Every structure is written in C-alpha cells, then in structure tokens.
Q: 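Please find one structure pasted underneath; my questions will follow.
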Amino acid sequence: MRVLAFFVLAVSSSAWAISGGPGKTCDVRVYGATGNGHTKDTASIQKAIDVCAENKGGGVVLLKSGTFLSGPISLKTNVTLFIDKDATLLGSPDREDYAKWKFAGKDTVQPLVGSVNQENITITGGGVIDGQGKVWWDYVKGVKDAGVLGTDHPRPMGLVFDHSKHIHVENITVQNAGFWQIVPYYADDVTFRNMKILAPHSPNTDAIDPFSSSNIVIDHVFSSIGDDNIAIKSGAINSPGPDAPSTNITITDCTFEEGHGLSIGSEIAGGVQHVHAERIHFKGTDQGIRIKANRDRGNDVSDISFKDIEMVDVKTAILITEYYPNKAPEGEVDAAEITRLTPKFHGITIENVHAVNSGSAGQIVGLPESPVTDLVLKNVHLEGATGLKIAYAKLKFDDVTVKAETGEGITVAKTATVTGK
C-alpha cells in the first residue's frame with residue numbers, strides 16, 4: 001500500500017508527553033499495564049485516564065513501547081491519550097468485554113474508545129489503535145442488514161465522540177474496528193489530521209462518519225476501508241425527529257483508496273449544510289463523489305462544494321441519487337407527498353474534477369416531487385465505460401466533457417434540464 005508523504009509521525013513522543021503536554025503525565029504501566037499484548041490492560045488504562053482527569057488541568061495518558069490489549073475505555077475532559085510510535089492500543093477479541101450501549105437511540109455495544117459529554121480531548125503520538133475486528137466481521141457473515149444500527153448482531157465502533165467538543169485526533173493510525181472506525185456524534189469542533197484509517201476487505205467499516213455534528217475538519221487523511229471513506233450523516237431511517245444537521249465540515253488534501261468514496265448520506269433526516277471538500281485523490285474506490293438519500297431518510301442538503309478532485313479507476317465517479325440504495329428508478333416515476341424526510345438537494349458545486357478509467361461517469365437523479373436543483377458542474381472532465389445520466393434535475397454546465405466507451409457521454413432525460421456546455 002502506498003505510504004503518503006503527508007503522514008508524519010511525532011518525534012520523541014514520550015519526551016513530548018512528559019515535558020510538553022498539559023498537566024500530569026500518567027504512564028499506564030505505573031497503574032499496572034503490562035503492554036505484553038496478552039494480558040488485558042483495560043482497568044490500568046482506565047485508571048490512568050481517571051487519575052489524569054481528576055488532576056487540575058488534566059494530563060497525558062501515556063502508552064509507550066508495547067501492545068496494550070484492552071476492552072472499551074472512556075476518555076475524559078482535558079485528557080490527552082498519547083500512544084507512542086512504538087505502541088498499539090489493541091482491542092480485545094472477546095465479545096463479552098463490550099457491554100451493551102445505546103447509540104443514536106439504537107441498541108449496540110460500547111466502542112473501543114469513547115467519550116460522552118466530555119471536552120478538550122486529544123489523541124496523538126504516532127502509534128496505532130487497532131480494533132482487531134476480524135472476530136466481529138466473521139460474526140456478521142450472512143447476517144441480513146448487518147450494516148444497520150440496532151441489529152441483534154451489534155459490533156463495536158472504534159472511536160466515538162458522543163456529545164463531546166474540542167476534540168483533536170492527529171498523527172495516529174486507526175484500524176480494524178468491528179464496525180464504523182470513527183464517529184463524531186452530536187459533536188462540535190472536531191479535527192482529524194495527518195492520519196491513516198485502515199480496514200480493507202471488511203464489512204461496514206466506514207472511516208469517518210460525522211453524525212449530526214458541526215465544525216469538523218478532516219485534513220490529510222488516508223483511508224482504505226470496507227465502506228464509505230467519509231459518510232456524513234444526521235438522522236436515522238424513518239426518524240420521527242427532531243434531528244440536528246451536520247454543518248460546517250471541511251475535507252482537504254485526503255487520499256481514499258479502497259472504500260465507497262466521499263459520501264453525504266444516506267441517513268440525513270437532520271439535513272447537511274456547508275460541506276466543502278478540496279484536493280481529494282481517489283484511487284480504486286467504488287464511488288468518488290456521492291450524495292445519497294431516499295424518501296424515508298432525507299432532508300435539506302445545501303451549500304456543498306467539491307473542488308480539485310482527481311479520480312483513477314473509480315467504479316462510479318459522481319453519484320447523486322434520491323433513490324438510495326438504488327442509483328435510479330426504472331423509467332419515470334410518480335411524485336409522492338413531500339414530508340419532513342423528503343430529500344432536498346440544492347446549492348451544489350462540483351469544480352475542477354478529472355476522472356479516468358471509471359466504470360461509470362455517474363448518475364444524477366432526483367425525485368419528481370423534489371428534483372436536484374442549482375447544481376453546477378464546472379471544468380469537469382470524466383472518462384468511463386459508460387456515460388453520465390441525468391434525470392429529475394436542473395443543472396448548469398461550464399466546460400464539461402464526458403467520454404464513454406459505449407453509449408452517449410451525457411444522457412439527459414426529459415425530466416431534467418441542463419444549461420451551458
């Protein structure tokens with residue numbers, strides 16, 4: 001796997017933790033951790049977190065040189081979890097270690113690393129958080145709807161920041177969680193920077209899923225996983241409401257390889273606004289740019305921009321659909337009543353996008369009662385086996401070309417309007 005130049009590990013990590021970090025330093029070995037990869041260090045790590053949190057000004061919990069086997073741990077306000085470049089926090093493979101837990105109103109199990117109603121948390125150090133998820137992936141083989149919250153086969157997420165704020169995760173590798181890798185949930189002011197997120201060939205292992213969260217920065221992140229590289233969410237399927245939106249999210253200078261691309265949706269009952277993605281490189285993902293919902297899980301999606309995007313060997317370059325999990329209906333469909341869950345996609349700009357060797361240039365398909373509107377494609381050049389199909393939408397083109405190996409480059413249904421070229 002290609003190693004990105006921007007993934008820079010911290011130097012002299014333990015020295016930083018002792019001399020440069022805030023407050024008290026709590027070495028988990030002082031509290032009984034072995035770091036031998038076999039003995040469970042859960043209680044010792046949690047004790048170190050609790051002691052640091054009780055200290056005025058917080059402190060640094062230090063994992064240095066070893067493999068620290070652990071069940072779920074809870075981070076606290078003003079605590080830095082510093083995982084040294086030679087250290088790994090390794091999730092326990094024993095399912096009984098993960099207690100039942102409520103998340104987004106659904107029954108599931110505790111994440112490996114979590115925070116609830118906490119603030120000023122940092123995770124850094126150059127090391128690894130490994131959920132050791134294969135036992136969970138095997139657990140759900142053949143299980144229907146295994147990727148949906150609330151099933152009778154729950155799996156632990158990797159990192160969950162629940163109703164927490166001022167979170168900073170940097171210079172760390174997060175990998176192999178049993179379910180979604182990282183989830184800010186009703187969180188505010190969260191930064192992910194200079195990270196790897198890895199879980200290739202695995203079910204429902206989204207990299208980062210901001211869920212009803214605001215002021216999120218995702219910068220210089222490499223991900224190769226088994227589902228969405230990014231999935232911005234804001235409410236469950238058939239949610240009765242109310243649901244908070246996800247807003248003010250910037251995604252910059254990222255590389256996505258295996259995965260389902262950069263997604264908004266599909267569960268967006270609270271809406272999504274003010275999302276801006278720039279300088280993203282896709283290599284071999286299933287999708288590139290994707291906005292997805294359906295009549296049972298949508299809301300307002302607006303002020304969205306994608307700029308300076310490169311795609312190579314992506315199966316579908318651009319997919320904007322209000323029929324998820326389908327890409328589009330067969331032929332024309334009847335309008336339905338507009339409800340609070342009707343998707344409303346508008347105010348979207350896709351600029352400076354180049355895709356080569358795609359399976360499909362893409363599809364842009366709205367609903368008859370709620371077409372995609374105010375969508376601008378500017379300096380967009382796509383090449384694929386099949387072209388770009390547009391229906392139930394109003395678009396403006398400015399320097400757009402689509403080259404298809406078979407069929408038309410651009411197909412505009414009579415239900416759609418495209419101006420410009």
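Here the structure is a predicted model, which is why all the values come from computation and not from measurement.
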Q: Closer than 3.5 angstrom, by distance alone: can the side chain of Q273 be matched with the main-chain N or O of D300 as a donor-acceptor pair?
A: yes

Q: Using a strict 4.0 Å threshold on nitrogen-to-oxygen distance, state whether D308 and R279 make a salt bridge.
A: no

Q: Mind checking the CG-CZ spacing from L89 to F68? Nearest 0.5 Å is all I need.
A: 9.0 Å

Q: What verdict does the side-chain contact (heavy atoms from CB on, under 4.5 Å) test give for D253 and D219, after you've listed the backbone C-alpha separation in whole Å, the side-chain angles of each residue and the deciding distance to 0.1 Å?
A: CA-CA 6 Å; D253 298 293; D219 176 64; 3.9 Å; yes

Q: Hey, do the aromatic rings of F256 and H281 have their centres closer than 6.0 Å?
A: no

Q: Can you tell which of K292, K233, Q287 makes a side chain to side chain donor-acceptor pair (under 3.5 Å) with D228?
A: K292

Q: Are I208 and I197 close enough, and set up right, to give a side-chain contact (heavy atoms from CB on, under 4.5 Å), and what steps lead you there?
A: CA-CA 9 Å; I208 302 177; I197 306 173; 3.5 Å; yes

Q: Using a 3.5 Å distance criterion without hydrogens, assess whether the side chain of D41 forms a donor-acceptor pair with backbone atoms of G35.
A: yes

Q: Can you tell me how far NZ of K76 sits from CG of N55, rounded to the nearest 0.5 angstrom?
A: 13.5 Å

Q: Can you check whether T285 reaches N229 side chain to side chain, under 4.5 Å on heavy atoms?
A: yes

Q: Could you check I320, V272, I264 and say which one makes a side-chain contact (heavy atoms from CB on, under 4.5 Å) with F345?
A: I320

Q: Give me the atom names and distance for the closest heavy-atom approach of T173 to Q175.
A: CG2-OE1, 3.4 Å

Q: Output yes when a side-chain donor or acceptor of E119 lies under 3.5 Å from a complementary backbone atom of N117, and no otherwise.
A: no

Q: Might you point out which heavy atoms bring A317 and S358 nearest each other, and give the distance in Å?
A: CB-OG, 4.0 Å

Q: Quick one: does T124's side chain get under 4.5 Å of T80's, heavy atoms only?
A: yes

Q: Tell me, do V140 and F179 make a side-chain contact under 4.5 Å, heavy atoms counted?
A: no

Q: Looking at D107 and K100, does any basic side-chain N land under 4.0 Å from a carboxylate oxygen?
A: no

Q: Once you measure the plane-to-plane angle for H163 and Y186, does it fall in the parallel (<30°), tilted (30-60°) or perpendicular (>60°) bin?
A: parallel

Q: With T316 as reference, evaluate Q363, H260, K327 under the side chain to side chain donor-acceptor pair (under 3.5 Å) test and give the passing residue.
A: K327

Q: Check the side chains of T88 and T67 for a donor-acceptor pair under 3.5 angstrom, ignoring hydrogens and angles.
A: no

Q: Do the side-chain N and O atoms of N215 and D188 include a donor-acceptor pair separated by under 3.5 angstrom?
A: yes

Q: Show, in sequence, the C-alpha distance, side-chain angles and deciding distance for T406 and T386, and conclude whether the side-chain contact (heavy atoms from CB on, under 4.5 Å) test is met.
A: CA-CA 6 Å; T406 59; T386 59; 4.0 Å; yes

Q: Surrounding NZ of K344 (heavy atoms of other residues, nucleotides or ligands, distance under 6.0 Å), is the total greater than 12?
A: yes

Q: Could you walk me through whether Y324 and R297 pass side-chain contact (heavy atoms from CB on, under 4.5 Å), step by step?
A: CA-CA 10 Å; Y324 186 81; R297 66 193 75 179; 3.7 Å; yes

Q: Quick check: do R193 and V217 have side-chain heavy atoms less than 4.5 Å from each other?
A: yes

Q: Please tabulate, for side-chain N and O atoms in residues 148-156, each donor-acceptor pair with protein atoms closer than 3.5 Å (sequence neighbours left out).
A:
residue : atom : partner : partner atom : Å
T151    : OG1  : H153    : N            : 3.2
R155    : NH1  : G178    : O            : 3.0
R155    : NH1  : P203    : O            : 3.0
R155    : NH2  : A146    : O            : 3.0
R155    : NH2  : N204    : OD1          : 2.7

Q: Do side-chain atoms of S213 reach the backbone of A187 as a donor and acceptor pair under 3.5 angstrom?
A: yes

Q: Look only at the side chain of R29 and the backbone of T34, and say whether a donor-acceptor pair between them is shorter than 3.5 Å.
A: yes

Q: Does any N or O in the side chain of R340 come within less than 3.5 Å of the main-chain N or O of S239, such that one atom is a donor and the other an acceptor?
A: yes

Q: Looking only at side-chain N and O atoms, does S65 offer a donor or acceptor that is under 3.5 Å from a partner on D86?
A: no

Q: For L112 and D130, which heavy atoms make the closest approach, and how far apart are they?
A: CD2-O, 4.1 Å

Q: Looking at CG of N171 and NZ of K85, how far apart are the two atoms once the value is rounded to the nearest 0.5 Å?
A: 12.5 Å

Q: Taking the side chain from S234 and the backbone from G271, do they hold a donor-acceptor pair closer than 3.5 Å?
A: yes

Q: Between S214 and P245, which heavy-atom pair has the shortest distance, and what is it?
A: OG-O, 4.4 Å

Q: Can you check whether I251 reaches I216 side chain to side chain, under 4.5 Å on heavy atoms?
A: no

Q: Going through the distances and angles, do K47 and D50 end up as a salt bridge (charged side-chain N to carboxylate O under 4.0 Å, His left out)?
A: CA-CA 5 Å; K47 179 64 175 178; D50 294 345; over 6 Å; no

Q: So, the side chain of S44 versus the backbone of A33: is there a donor-acceptor pair under 3.5 Å, distance only?
A: yes

Q: Which distance, rounded to the nearest 0.5 Å, do you find between the CD1 of I230 and the SG of C254?
A: 6.0 Å

Q: Any side-chain heavy atom of H381 sitting closer than 4.5 Å to one from D399?
A: yes

Q: So, do V353 and L382 sit near enough that their side-chain heavy atoms are less than 4.5 Å apart?
A: yes

Q: Looking just at side-chain N and O atoms, do T77 and Q118 make a donor-acceptor pair shorter than 3.5 Å?
A: yes

Q: Are E170 and H168 linked by a side-chain donor-acceptor pair shorter than 3.5 Å?
A: yes

Q: What heavy-atom pair brings L69 and T39 nearest, and what distance separates the two atoms?
A: CB-O, 3.7 Å

Q: Whether the S305 and H276 side chains hold a donor-acceptor pair (N or O, under 3.5 Å, no angle test) is what I'd like checked.
A: yes

Q: Is the gap between the ring centers of W136 and Y98 under 6.0 Å?
A: yes

Q: Is K283 salt-bridged to D313, cutoff N-O under 4.0 Å?
A: yes

Q: Drop me the distance from S70's OG to I129's CD1, to the nearest 0.5 angstrom.
A: 10.5 Å

Q: For a quick test of reading the model, state the closest non-hydrogen atom pair linking G235 to D243 and the distance between them.
A: CA-OD1, 3.9 Å

Q: Check whether any side-chain N or O of S164 sits under 3.5 Å from a backbone N or O of D162 as a donor-acceptor pair, and report yes or no.
A: yes

Q: Does one side chain, of N176 or Q132, offer a donor that lies under 3.5 Å from an acceptor on the other?
A: no

Q: If only side-chain N and O atoms count, and only distance matters, is there a donor-acceptor pair under 3.5 Å linking S370 with T342?
A: no

Q: Would you call M311 and I289 a side-chain contact if the rule is heavy atoms closer than 4.5 Å?
A: yes

Q: Give the intermediate values and the outcome of side chain to side chain donor-acceptor pair (under 3.5 Å) for residues H166 and N120.
A: CA-CA 5 Å; H166 312 317; N120 301 326; 4.8 Å; no

Q: To the nearest 0.5 Å, tell me how far T205 OG1 sits from D227 CG.
A: 6.5 Å

Q: State whether the side chain of T42 and the backbone N or O of G71 hold a donor-acceptor pair below 3.5 Å, judged by distance alone.
A: yes

Q: For the NZ atom on K165, are there more than 12 heavy atoms of other groups (residues, nucleotides or ligands in this structure) within a distance under 6.0 Å?
A: no

